[in-house]
Amino acid sequence: MEEELKGREFFGGDSLRFVDLVVGLDSSLGGCQCLGKWEFNLLDAEAFPSLHAWGDRFPNVPFIQENLPSSDRLHAIFTNTRKGCWLNK
């Protein structure tokens with residue numbers, strides 16, 4: 001994914017595309033970055049500079065700001081979902 005973003009603002013080029021939405025809303029990658037509630041960072045700036053920069057841009061896109069639930073709401077959703085996950089048993 002890092003290579004796909006080199007020299008681009010978004011995966012589709014200069015504007016948000018479907019791939020950006022999928023990656024950005026996925027709790028295992030963009031979701032964690034947008035939430036900022038976890039103790040780990042999957043978008044390490046040193047290891048993945050383009051992906052990290054994308055992760056900073058994604059939540060600031062007006063469409064995303066207008067439609068993405070608040071970080072507190074998303075954190076609650078992901079936390080409650082994780083409680084029922086077989087990984088926690």
Legend entry - Residue pairs fulfilling salt bridge (Lys or Arg N to Asp or Glu O under 4.0 Å) with at least one residue in residues 14-23, sequence neighbours excluded: none
Inset, instruction - Enter the distance from E3:CD to S50:OG here, rounded to the nearest 0.5 Å. - result: 8.0 Å
Inset, instruction - Mark yes or no for whether E2, through its side chain, and L51, through its backbone, hold a donor-acceptor pair below 3.5 Å. - result: yes
Legend entry - side-chain contact (heavy atoms from CB on, under 4.5 Å) involving F63 - partner list, sequence neighbours excluded: L16, L21, V61, N67
Inset, instruction - Enter the distance from W54:CH2 to R8:CZ here, rounded to the nearest 0.5 Å. - result: 13.5 Å
Inset, instruction - May I ask you to decide if E9's main-chain N or O and R57's side chain share a donor-acceptor pair within less than 3.5 Å? - result: yes
